[in-house]
Amino acid sequence: MLTIHPYMSRYILHICTFIPFILILLSSCGTSRKATSGNSGKPANIPQAVVLDDGLDDITARLLNEASTWLGVRYKYGGSTRAGTDCSGMVMQIFKDAAGISLPRSSREQHAYCKPIRQNELVEGDLVFFAIGKSSKVGHVGLYVGDRKMIHASTSRGVMISALDEAYWKKHYAGSGRIEAFEKRVSAERRRKKGKRQKKTGMPAKQASGKSRSDSIDNIITNAFQLSIDEVIDSVATNKRGF
């Protein structure tokens, strides 16, 4: 029978204690601290504020408002709180708090979780992914906030807003994705609002539109008919006067 020395048993116990912590680090933003550097040397002078478009639906506005509260939070590898966060930890927490949607922990898993979209299809609430360093694998994620900008966690400056058109991010861009659960939530809210508007006007939008077109046609016919009568009357009056 194999006998383990008491000191060796204590050593093994210490290793087992740290395994969960190591797993958390490995599942965070990237596979290393370097993977989430997010530095382009001299960052562009981007206003550090999330600007909401007037036409945004409520659920997207709520998501972006939640994201704006993270601005300035310091970077912490493996973190996901306002005491310190990495990129994927922040994105995961924003969707959980603002929309009740649970995302995977790492940027690579979030990339796989999303529905792929083209960069020119980005709308507020979509995710943008980057491959940092020599690896071609995804190691960084940002939340798209509109106007070609994203909010993300940089190792050097913490949570900040950057422009996708900066040379650094264009160079390391690895794809964009849409969270289908969030997309369905947005679509449901839009249908609900449309139903409310129709109920308020008393008729479906298509019916109201059809009635409007019908009224326009009736008006055109009536005007044309009236014009013809007026021309006949003028002609008769002219003949009577001998012109």
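To the nearest 0.5 Å, the span separating OG1 on T60 from CG on D53 amounts to 10.5 Å. Remark: D126 CG to Y144 OH distance equals 8.5 Å, nearest 0.5 Å. Here CD of E66 is found 10.0 Å from CD1 of I151. Values are rounded to the nearest 0.5 Å. We find the CD-CE distance between E124 and M150 to be 15.5 Å, quoted to the nearest 0.5 Å.
When every heavy atom of T85 is checked against every heavy atom of G79, the shortest pair comes out as OG1-O, 3.2 Å. Among all heavy-atom pairs drawn from R148 and D165, the shortest one is NH2-OD1, 2.8 Å. Here the shortest heavy-atom pairing between A181 and I101 reads C-CD1, 3.9 Å. Closest non-hydrogen pair, R185 versus A99, comes out as NH1-O, 2.7 Å. The two residues V73 and T81 have their closest heavy-atom pair at CG1-O, 3.8 Å. Closest of all the heavy-atom pairs between R178 and I117 is NH2-CD1, 3.6 Å.
Between the side chain of E121 and the backbone N or O of R118, at least one donor-acceptor pair lies under 3.5 Å. Under a 3.5 Å cut-off, the side chain of E180 and the backbone N or O of K115 do not form any donor-acceptor pair. Listed for the D147 side chain is no donor-acceptor partner under 3.5 Å among the backbone atoms of K149.
Residues L103 and Y113 have side chains in contact (heavy-atom distance under 4.5 Å, counting atoms from C-beta outward). Put simply, the side chain of Q110 reaches to within 4.5 Å of the side chain of P104, judged on heavy atoms. Between M90 and R82, every side-chain heavy-atom pair lies at or beyond the 4.5 Å cut-off. Residues L164 and F130 have side chains in contact (heavy-atom distance under 4.5 Å, counting atoms from C-beta outward). Side-chain contact between I132 and V138 is absent, with no heavy atoms from C-beta onward closer than 4.5 Å. Side-chain contact between S162 and H152 is present, with heavy atoms from C-beta onward closer than 4.5 Å. The side-chain heavy atoms of V50 and N65, taken from C-beta on, include no pair separated by under 4.5 Å. Side chains of Q93 and K96 form a contact here, defined as non-hydrogen atoms less than 4.5 Å apart.
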Could you please spell out the steps behind the side chain to side chain contact (heavy atoms under 4.5 Å, CB included) verdict for L63 and L143? CA-CA 10 Å; L63 186 83; L143 173 65; 4.2 Å; yes
Test log, rule side chain to side chain contact (heavy atoms under 4.5 Å, CB included), inputs L71 and I161: CA-CA 8 Å; L71 285 169; I161 293 175; 3.8 Å; yes
Give the C-alpha distance, both sets of side-chain angles, the deciding distance and a yes or no for ring-ring contact (aromatic ring centres under 6.0 Å, His included) between H140 and W169. CA-CA 10 Å; H140 192 64; W169 298 115; 5.4 Å; yes
Determine, stepwise, if the pair K194 / R191 fulfils side chain to side chain contact (heavy atoms under 4.5 Å, CB included). CA-CA 5 Å; K194 184 178 180 181; R191 286 195 300 270; 5.6 Å; no
Show the numbers, then the answer: is there a side chain to side chain contact (heavy atoms under 4.5 Å, CB included) between V186 and E189? CA-CA 5 Å; V186 171; E189 182 176 326; 5.8 Å; no
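Ionic pairing of D57 and K193 is not present here: no N-O contact between side-chain nitrogen and carboxylate oxygen is shorter than 4.0 angstrom. Salt-bridge annotation for D86 and R105: present, with a side-chain N of the basic residue lying under 4.0 Å from a carboxylate O of the acidic one. Look at E183 and R190 and you find no salt bridge, because none of the NZ, NE, NH1 or NH2 atoms lies under 4.0 Å from a carboxylate O.
Evaluation of the ring-ring contact (aromatic ring centres under 6.0 Å, His included) rule for F95 yields F182 as partners, not counting sequence neighbours.
A single hydrophobic cluster is not seen to contain both L64 and V123; linkage of ILVMFWY side chains at heavy-atom distances under 4.5 Å, directly or through other members, places them apart. Hydrophobic clustering of Ile, Leu, Val, Met, Phe, Trp and Tyr side chains at less than 4.5 Å, counting indirect connections, keeps V51 apart from L56.
Within a 6.0 Å sphere centred on CG of D54, other residues, nucleotides and ligands contribute 12 heavy atoms or fewer.
Screening C87, P116, S176, C114 for a side chain to side chain contact (heavy atoms under 4.5 Å, CB included) with F129, the sole residue that qualifies is C114.
R157 and Q48 share no side-chain donor-acceptor pair at under 3.5 Å. Counting only N and O atoms by type, the side chains of R108 and S88 include no donor and acceptor under 3.5 Å apart.
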